[in-house]
Structures are given as C-alpha cells and as structure tokens.
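Each residue takes its place number in the sequence, starting with 1.
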Amino acid sequence: MALTGRAALLAALGSIPVGILEPGWTGILAVNGPLALACACDYALAAPVRRLLLARSGDTTVRLGDTANVTLTVTNPTRRPLRAQLRDAWPPSAWQSGTETEASRHLLTVPPGERRRVTTRLRPTRRGDRQADRVTIRSYGPLGLFTRQSAHKVPWTVRVLPPFTSRKHLPSKLARLRELDGRTSALTRGEGTEFDSLREYVPGDDTRSIDWRATARQSSVAVRTWRPERDRHILLVLDTGRTSAGRVGDAPRLDASMDAALLLAALASRAGDRVALLAYDRRVRALVQGRTAGDVLPSLVNAMATLEPELVETDARALTATALRTAPRRSLIVLLTTLDAAPVEQGLLPVLPQLTQRHTVLVASVADPEIARMAGARGNAEAVYEAAAAARAQDERRRTAEQLRRHGVTVVDATPEELAPALADAYLALKAAGRL
C-alpha cells in the first residue's frame with residue numbers, strides 16, 4: 001500500500017506528517033475524517049495485484065537490428081476493476097538507448113473477470129539470449145489516492161540472432177554458381193571434375209574435351225561438358241579466442257567472421273555440399289553437423305547467436321585435432337581466424353601440415369580498414385608516423401599470408417564489408433578449379 005502524490009498533496013494541505021505507512025514508503029496520514037475515509041475507500045476499491053494472472057506469448061527469436069513483439073496477457077479474477085500502470089522489465093541490451101522507459105511501461109484497465117493484452121516491443125542491441133525480468137503492476141483506486149503494488153515473475157526468453165547482412169550478396173553468388181553448374185552456360189573442361197553431358201563442338205572449345213568415341217558414332221564432333229562436383233564436405237571453423245574480440249568499427253571481428261560464414265554456408269548448401277560448423281578456442285563452443293540443406297542455415301544461425309569471444313589464447317593444436325575428428329573425410333576446411341604474425345607463426349603453422357595433407361584449407365581473416373586509412377595519411381608528423389606504423393602492419397600481414405600460401409592454403413584477407421563476398425568468391429574459384 002502506498003500513498004500517491006495526489007493524496008500526499010491533499011494531506012499536506014490539511015494534515016500533519018506521521019511517518020512510514022509501509023517499509024520503503026513514506027507518506028502522510030490525514031487526521032481529518034473525510035480525507036482519511038476517502039483514502040481508506042480508495043485503497044479498498046483498488047484491485048488486488050497479487051491475485052492477477054499473467055502469461056506471455058509472442059516472438060522467441062529476432063535478428064539483431066529487428067524488432068521483437070512480446071505480448072503479456074493480464075487476467076483479473078477479482079471483483080474489482082483493475083486500473084493499473086505496468087512495467088515490463090528486460091535487460092538494458094533489449095532496447096535501443098533511451099527507449100526503455102517508453103517501451104516498457106503500459107497503462108491498462110481490466111474489468112472484473114476479464115483479461116487484456118499489452119505488447120512490449122524489444123529492439124535488442126546485442127546477440128544472445130535476452131530473458132524477461134519482473135513485471136511490476138501498480139493498481140490505483142478510483143480516486144487515485146492510494147495504490148497497491150506487486151511484482152510478478154513471468155519467464156520468457158528471446159534469442160537474438162546474427163543479422164546476416166551479407167545475404168544481399170547471395171543472389172549474385174548464386175547466379176555465378178548456376179553458371180558453374182551449367183544451367184545458364186555450357187561448361188568447358190577445367191570448370192569442374194564431374195562429367196555432365198555431351199554437346200556438339202563449337203570453335204574455341206578445348207580439344208582435350210573431345211569425346212572421340214561419341215564422335216565416331218555420329219556425323220559431328222562431340223565434346224564433354226563438366227560441372228562442379230556435389231556432395232562435398234565443408235567445415236567452417238570459427239576461432240573464438242582473444243583475437244576475435246578485437247573490434248573493427250562497431251563490432252568485434254567474430255561478428256564479421258560469422259557473417260561471412262553464413263553467406264558461404266547458404267551458397268554451399270545451394271550447391272549441394274554438406275556444411276558443418278565448429279567454434280573453438282580452448283574447448284568446443286559450438287558444433288553443428290549432419291544437417292540437411294534446408295536445415296543447415298537456421299541451425300548455424302541459432303548456434304552462433306550465443307557465441308562470444310573468449311579472452312584466452314586459442315589452442316591451435318587442440319583446434320586442429322578437433323577439426324580432424326569433425327571432418328574425417330576429405331573436406332574444405334575454412335578457418336576464420338587472425339593473420340597476426342605471432343598467433344599464426346607460433347600456433348597455426350606448426351600444425352598446419354596435419355590439415356593440408358588430408359584437406360583443402362582456406363584461411364579467412366578480417367582486416368581493419370582503419371589501417372589502410374592510416375597508411376595513406378600525410379600532412380603532419382603524427383600522420384606520417386601513423387602511416388609508417390600502418391605500412392609495417394600491412395607488410396606483416398602480407399608476409400603471414402605468403403607463409404600460409406606456401407603451405408598450399410588459400411588466403412582471404414578483407415575488411416568486414418568485403419570479407420563475406422570475397423570468401424564466397426574464393427569458394428566458387430576452388431569449385432570451378434575442381435579442388436573440392
């Protein structure tokens with residue numbers, strides 16, 4: 001029970017303060033009869049809040065940047081009408097800055113024996129699971145002099161998924177895939193390793209693709225066409241160690257790596273390849289394998305939702321052993337990690353031959369566009385020093401990438417905006433060359 005501001009003002013004008021009505025509530029007790037009677041009646045007519053029934057429904061998943069609607073149903077089983085202010089509390093990261101007060105508070109009126117719904121609109125600012133906190137209801141009497149207040153636990157979880165901003169590149173990559181697959185153009189030798197069909201020779205075709213037996217059975221020269229092999233195995237390995245926590249722009253490197261992995265997974269599953277995911281630093285953080293083409297992308301998105309960078313050094317030897325166990329057959333292993341010299345030279349290079357002797361390996365890394373900007377800066381002494389430091393950092397990354405290439409590794413080094421399409425292009429190039 002609490003005295004409202006209106007009752008306190010009336011009491012202050014014609015009464016004396018006497019202390020505390022309830023723990024945590026300081027009020028004024030009216031000594032004149034009419035005001036005391038009005039307050040007592042108002043309190044008696046306010047609907048009790050502890051007997052209210054609350055239930056949730058609505059969205060359980062939402063992409064980062066989108067809006068989730070969570071509906072709260074309030075049932076009033078009492079004989080008094082409920083006039084209330086309701087606060088639906090969620091963690092701060094469930095809202096955009098400055099919108100929590102407006103989005104979480106609702107006014108509602110529920111007649112006796114009826115129910116009403118209010119909808120809370122969440123717009124999360126971070127990936128992961130967001131769990132509802134308490135629902136606080138303040139019930140007012142008809143005069144607004146006294147209130148009853150209580151908090152209810154109404155559990156609900158909304159999983160915030162990666163935004164997958166690179167999906168805008170998927171149509172163009174699928175068009176390129178259809179070309180490789182022979183749906184929009186005839187393929188020639190070297191653009192695949194799996195025999196597709198025979199067609200008539202046209203000037204410019206590679207003579208090595210002529211099928212002499214088929215030619216002998218007909219009056220024209222026949223050539224073989226080829227298409228990329230299907231049912232290849234692709235293992236996406238996300239390095240979730242400390243280097244993935246470095247921020248590039250407004251997000252950690254891990255987020256850019258996940259976005260690139262999602263585009264590649266969507267493309268590869270359309271190509272008929274099998275895609276698996278391993279997230280690792282010193283232990284397995286996520287593992288997705290054995291999914292069908294239609295289920296692989298939702299499974300990857302759901303597994304990535306709760307991934308966060310771990311501030312530990314990645315154990316490259318254990319990561320390699322886990323990857324080999326996860327991919328027992330020959331596969332394309334796509335390792336999304338750093339190109340910093342120390343982690344690669346001390347961690348990855350010593351164990352890289354274990355991967356390359358059995359699998360095709362592709363290393364993708366997020367480059368910082370600020371380094372390129374600094375490298376071109378001039379005009380004063382500070383800018384020149386920044387340019388020198390940036391040029392040195394770029395040279396180190398190039399040397400590291402060259403060391404990996406000497407081991408037969410394909411390297412993709414691009415900024416967050418360019419990483420996803422560049423990785424997809426590298427996959428298509430490997431597929432066209434018959435290296436998968």
task = Can you see which heavy atom on Arg167 is nearest to which on Pro171, and at what distance?
result = O-CD, 3.7 Å

ask   = Quick one: does Asp88's side chain have a donor or acceptor within less than 3.5 Å of a partner on Thr120's backbone?
value = no

ask   = Side-chain contact, heavy-atom cut-off 4.5 Å: Thr360 with Arg330?
value = yes

inquiry  = Please determine whether side chain to side chain donor-acceptor pair (under 3.5 Å) holds for the pair Ser365 and Arg397, giving the CA-CA distance in whole Å, both sets of side-chain angles, and the decisive distance to 0.1 Å.
reply    = CA-CA 10 Å; Ser365 181; Arg397 289 180 72 88; 3.1 Å; yes

remark   = Sorted by chain and residue number, the side-chain contact (heavy atoms from CB on, under 4.5 Å) partners of Leu64 (sequence neighbours excluded) come out as Arg127, Val160, Pro163

query = Minimum heavy-atom separation for Val49 to Arg148, with atom names?
reply = CG1-O, 3.9 Å

message = Looking at Asp368 and Arg247, is any side-chain nitrogen of the basic one under 4.0 Å from a carboxylate oxygen of the acidic one?
response = no

note = Rounded to the nearest 0.5 Å, the CG atom of Leu267 sits from the CG atom of Leu262 at a distance of 12.5 Å

task = Apply the test salt bridge (Lys or Arg N to Asp or Glu O under 4.0 Å) to residues Arg176 and Asp425: give CA-CA distance (whole Å), side-chain angles for both, the deciding distance (0.1 Å), then the verdict.
result = CA-CA 9 Å; Arg176 173 60 179 154; Asp425 288 340; over 6 Å; no

task = Taking Arg291 for its side chain and Val275 for its backbone only, find out whether a donor-acceptor pair lies under 3.5 Å.
result = no

task = Identify the two heavy atoms, one from Ala422 and one from Ala414, that lie closest to each other, and give their separation to 0.1 Å.
result = CB-CB, 4.4 Å

request  = State whether the side chain of Asn380 and the backbone N or O of Ala383 hold a donor-acceptor pair below 3.5 Å, judged by distance alone.
outcome  = yes

query = Is a side-chain donor-acceptor pair under 3.5 Å present for Thr240 with Asp281?
reply = yes

key: Contact summary for Val344 and Thr338, nearest pair of heavy atoms   = CG2-O, 3.4 Å

query = Is the shortest heavy-atom distance from the side chain of Leu277 to the side chain of Leu238 under 4.5 Å?
reply = yes

request  = Please determine if Arg123 and Asp66 form a salt bridge, counting it only when a charged side-chain N lies under 4.0 Å from a carboxylate O.
outcome  = no

task = Please determine, by modelled atom types, if Gln85 and Arg138 share a side-chain donor-acceptor pair under 3.5 angstrom.
result = no

ask   = Side chains of Ser166 and Asp259: do they bring a donor and an acceptor to under 3.5 Å?
value = yes

query = Taking all non-hydrogen atoms of both residues, which atom of Ser257 and which atom of Leu336 are closest, and how far apart?
reply = O-CD2, 3.6 Å

ask   = Around Arg317, counting heavy atoms of other residues, nucleotides and ligands shown, do more than 12 lie under 6.0 Å from its CZ?
value = no

task = Determine whether Pro81 and Pro112 make a side-chain contact, defined as any pair of heavy atoms from C-beta on separated by less than 4.5 Å.
result = yes

query = Considering residues, nucleotides and ligands other than Arg392, do more than 12 of their heavy atoms fall under 6.0 Å from its CZ?
reply = no

task = Look at the side chain of His359 and the backbone N and O of Ala327, then say whether any donor-acceptor pair between them is shorter than 3.5 Å.
result = yes

query = Considering residues, nucleotides and ligands other than Arg50, do more than 12 of their heavy atoms fall under 6.0 Å from its CZ?
reply = no

query = So do Glu345 and Gln403 actually touch side chain to side chain, heavy atoms under 4.5 Å?
reply = yes

ask   = Is there a side-chain contact between Tyr427 and Asp273, using heavy atoms and a 4.5 Å cut-off?
value = yes

message = Could you go through Ser93 and Arg130, starting from their C-alpha distance and side-chain angles, then the distance that decides it, and tell me whether this counts as side chain to side chain donor-acceptor pair (under 3.5 Å)?
response = CA-CA 8 Å; Ser93 59; Arg130 299 292 170 264; 2.8 Å; yes

task = Might you confirm whether atom CZ of Arg83 has over 12 heavy atoms from other residues, nucleotides or ligands at distances under 6.0 Å?
result = yes

key: Derivation and outcome, side-chain contact (heavy atoms from CB on, under 4.5 Å), residues Ile234 and Arg274   = CA-CA 6 Å; Ile234 299 174; Arg274 300 177 183 271; over 6 Å; no

ask   = Is any side-chain N of the basic residue among Glu370 and Arg373 closer than 4.0 Å to the acidic one's carboxylate O?
value = yes

inquiry  = A side-chain contact here means heavy atoms from C-beta on lying under 4.5 Å apart; do Gln354 and Leu324 qualify?
reply    = yes

task = Return yes when atom CZ of Arg134 has more than 12 non-hydrogen atoms of other residues, nucleotides or ligands closer than 6.0 Å, and no otherwise.
result = no

query = For Asp250, does the CG atom have more than 12 heavy-atom neighbours from other residues, nucleotides or ligands under 6.0 Å away?
reply = no

Residue list, side-chain contact (heavy atoms from CB on, under 4.5 Å) with Thr322, at least two apart or on another chain = Leu278, Tyr280, Val284, Arg325, Thr326

query = Can Arg283 and Asp315 be said to form a salt bridge (Lys or Arg N to Asp or Glu O under 4.0 Å), step by step?
reply = CA-CA 8 Å; Arg283 63 181 179 87; Asp315 187 342; over 6 Å; no

message = Within the structure provided, determine whether Val158 and Thr61 are in side-chain contact (heavy-atom separation under 4.5 Å).
response = no

request  = For the pair Thr314 (side chain) and Ala316 (backbone), establish whether a donor and an acceptor sit closer than 3.5 Å, ignoring hydrogens and angles.
outcome  = no

query = Do the side chain of Asp295 and the main chain of Ser299 share a donor and acceptor less than 3.5 angstrom apart?
reply = no

inquiry  = Between Arg116 and Glu114 (salt bridge meaning N to carboxylate O under 4.0 Å), is one present in this structure?
reply    = yes

inquiry  = Are more than 12 heavy atoms, taken from residues, nucleotides or ligands other than Glu102, located less than 6.0 Å from that residue's CD atom?
reply    = no

key: Rounded distance [0.5 Å steps], CG in Asp239 versus CG in Leu319   = 6.5 Å

task = Please report the closest heavy-atom contact between Val70 and Asp59, naming both atoms and the distance.
result = CG2-O, 4.1 Å

key: Pair Arg115-Asn76, side-chain donor/acceptor within less than 3.5 Å   = no

request  = Determine whether more than 12 heavy atoms belonging to other residues, nucleotides or ligands lie under 6.0 Å from atom CZ of Arg406.
outcome  = yes

task = Decide, yes or no, whether a salt bridge links Glu310 with Arg242 under the criterion of side-chain N to carboxylate O below 4.0 Å.
result = no

message = Quick one, Leu362 and Leu335 - any side-chain contact, counting heavy atoms below 4.5 Å?
response = no

